[in-house]
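Letters go in sequence order (proteins before strands), and every chain restarts at 1. What you see is a predicted model; the values in this text were computed from it and never measured.
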Amino acid sequence: MKSRWLLAALPLLVLAVLLGYFAVSLLAGGDKVLPSTLIDRPVPPTDLPALRAGEAALTDAEIRALAAQGPLLVNVFASWCVPCRAEHPFLMDLKKQGVTILALNQRDKPENAKAFLAALGDPFARIGMDSNGTASIEWGVYGVPETFVIDRAGKIRYRHVGAIDAEVLDKTLRPLLKSLGS
Amino acid sequence: MIRRLALALVLLAGPLAALGPDEILADPALEARARALSRELRCLVCQSESIDDSNADLARDLRLLVRRRLLAGDSDAAVLAYIHERYGDFVLMRPPVTDRTALLWFGPFGLLAGVGGLLLIHARRKTKTPVAPVPLTAAEREQLRQLEKDA
């Protein structure tokens with residue numbers, strides 16, 4: 001008799017467990033940001049032609065050399081990317097404070113990228129054209145914009161997926177850059 | 001009639017891959033390997049489709065990358081390892097067994113075994129109280145003897 005009771009309660013029990021599981025993942029895992037596999041690893045092989053005429057190519061060696069002078073940001077952007085416009089003022093702000101920002105210009109037409117920067121301002125010390133997205137794959141980029149923080153040793157210390165906003169800037173990027181000796 | 005036939009054909013074709021005609025490799029054997037690998041890789045933008053099914057730019061780039069690596073002579077495992085190294089476990093449609101994914105892999109079997117076990121116990125209990133055969137009465141025995149004799 002007791003086992004029949006148990007049997008009747010079983011579907012309810014299973015339902016309760018499933019509901020609990022979904023509730024926990026819904027409430028806890030707010031953002032769906034995937035972790036980067038590159039954290040604490042050297043910048044991946046990169047070799048991109050410069051967007052601006054007369055500038056050297058953006059290579060991993062170049063990035064390491066620039067990072068040796070102080071921690072820097074590598075920002076993946078495109079003129080067609082709407083959140084890139086939203087985060088742009090914050091990049092300008094960082095540049096004004098002396099932070100070096102490099103750029104991978106992903107899947108963009110050079111003239112569009114140039115028009116974007118001419119209209120909004122150019123916060124980038126170097127811009128490499130990743131016209132077919134190959135370098136972005138090397139960096140494990142899955143959405144634009146993404147921003148990487150590179151330390152003096154040329155290692156990736158942090159990745160931010162999505163647009164930088166005031167909160168990310170104040171709570172994460174500035175303290176991190178400071179702790180890395182900006 | 002022709003329209004109906006066309007509709008039937010479209011329905012029969014099932015879900016089409018997002019693969020563009022310009023992506024297909026000339027070598028059919030290599031192309032088949034590329035398609036198989038594409039189905040093993042998750043599109044990171046849409047997150048519930050393989051790159052074989054997805055129309056996202058990144059999925060297309062990854063499909064092209066898979067083909068480039070195959071043309072360069074990489075084994076299937078090497079191609080998967082290359083992409084896994086850059087995008088992590090999430091990019092694999094069949095994530096590797098680690099302590100974080102163990103529940104995902106073995107949970108359903110555990111659940112099935114648990115429920116099956118309970119059902120079995122339940123069924124056993126029901127059949128475990130067999131009815132003892134009641135001995136025939138004298139009249140019945142006599143009746144049986146008569147029947148056997150007549151036969």
Side-chain angles (χ1 to χ4, degrees), chain A residues 1-18 20-22 24-25 29 31-46 76 78 80-81 83 104 106-108 130-144 146 148 156 159 161-162, chain B residues 22-23 41-49 51 54 56-69 72 79-92 95-96 98 100 103-104 107-108 110-129:
Chain A
M1 214 57 230
K2 210 177 163 198
S3 75
R4 181 177 297 176
W5 232 98
L6 197 73
L7 208 65
L10 200 65
L12 281 176
L13 206 73
V14 171
L15 186 73
V17 169
L18 282 176
Y21 176 75
F22 291 140
V24 165
S25 9
D31 51 353
K32 273 253 135 208
V33 171
L34 303 174
S36 173
T37 57
L38 292 178
I39 299 300
D40 291 330
R41 288 171 54 182
V43 291
T46 308
V76 186
W80 46 261
C81 144
L104 307 182
Q106 197 201 76
R107 247 188 250 108
D108 216 344
D130 187 19
S131 15
N132 58 11
T134 317
S136 295
I137 290 176
E138 287 291 338
W139 284 73
V141 170
Y142 69 93
V144 193
E146 283 189 20
F148 295 84
I156 294 172
R159 171 180 70 166
V161 177
Chain B
D22 54 322
E23 295 176 34
L41 293 165
R42 187 190 307 276
C43 170
L44 294 116
V45 181
C46 359
Q47 307 201 347
S48 56
E49 291 181 301
I51 61 167
S54 172
D57 283 338
L58 178 62
R60 184 186 145 83
D61 289 348
L62 286 172
R63 287 196 298 271
L64 291 172
L65 176 76
V66 164
R67 284 165 173 78
R68 272 203 305 278
R69 307 295 310 179
V79 175
L80 285 183
Y82 183 92
I83 294 173
H84 181 222
E85 199 189 330
R86 280 153 187 82
Y87 285 100
D89 287 350
F90 194 86
V91 81
L92 302 177
T98 64
R100 282 192 58 212
L103 194 64
L104 181 72
L111 202 65
L112 204 65
V115 172
L118 280 176
L119 282 174
L120 207 68
I121 290 169
H122 185 73
R124 278 257 176 90
R125 260 193 211 159
K126 256 197 168 162
T127 51
K128 234 181 193 169
T129 42

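The shortest distance between side-chain heavy atoms of A:Thr37 and B:Glu85 does not fall below 4.5 Å. Here the side chains of B:Leu65 and B:Arg69 are in contact, with some heavy-atom distance below 4.5 Å.
When heavy atoms are compared at a cutoff of 4.5 Å, A:Ser36 does not approach chain B at all. Residue contact with chain A, scored on non-hydrogen atoms closer than 4.5 Å, is absent for B:Asp89. For A:Gln106, no part sits under 4.5 Å from any heavy atom of chain B, backbone or side chain. B:Arg68 touches chain A through its side chain: at least one heavy atom from C-beta onward sits under 4.5 Å away, while N, CA, C and O do not. For B:Leu62, the parts lying near chain A are the backbone and the side chain together; criterion is any non-hydrogen pair under 4.5 Å. With a threshold of 4.5 angstrom between heavy atoms, A:Leu10 approaches chain B through side-chain atoms but not through N, CA, C or O.
Between the OG atom in B:Ser54 and the CZ atom in B:Arg42 there is a gap of 12.0 Å [rounded to 0.5 Å].
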### Task
Apply side-chain contact (heavy atoms from CB on, under 4.5 Å) to A:Ile156 and A:Trp139, showing your working.
CA-CA 10 Å; A:Ile156 294 172; A:Trp139 284 73; 3.8 Å; yes

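Other residues, nucleotides and ligands contribute over 12 non-hydrogen atoms within 6.0 Å of the CD1 atom of A:Ile39.
With chain A as the partner, the residue from B:Leu58, B:Leu44, B:Asp61 showing the most heavy-atom pairs under 4.5 Å is B:Asp61.
Taking every heavy atom of both residues into account, A:Cys81 and A:Val144 meet most closely at SG-O, 3.7 Å.
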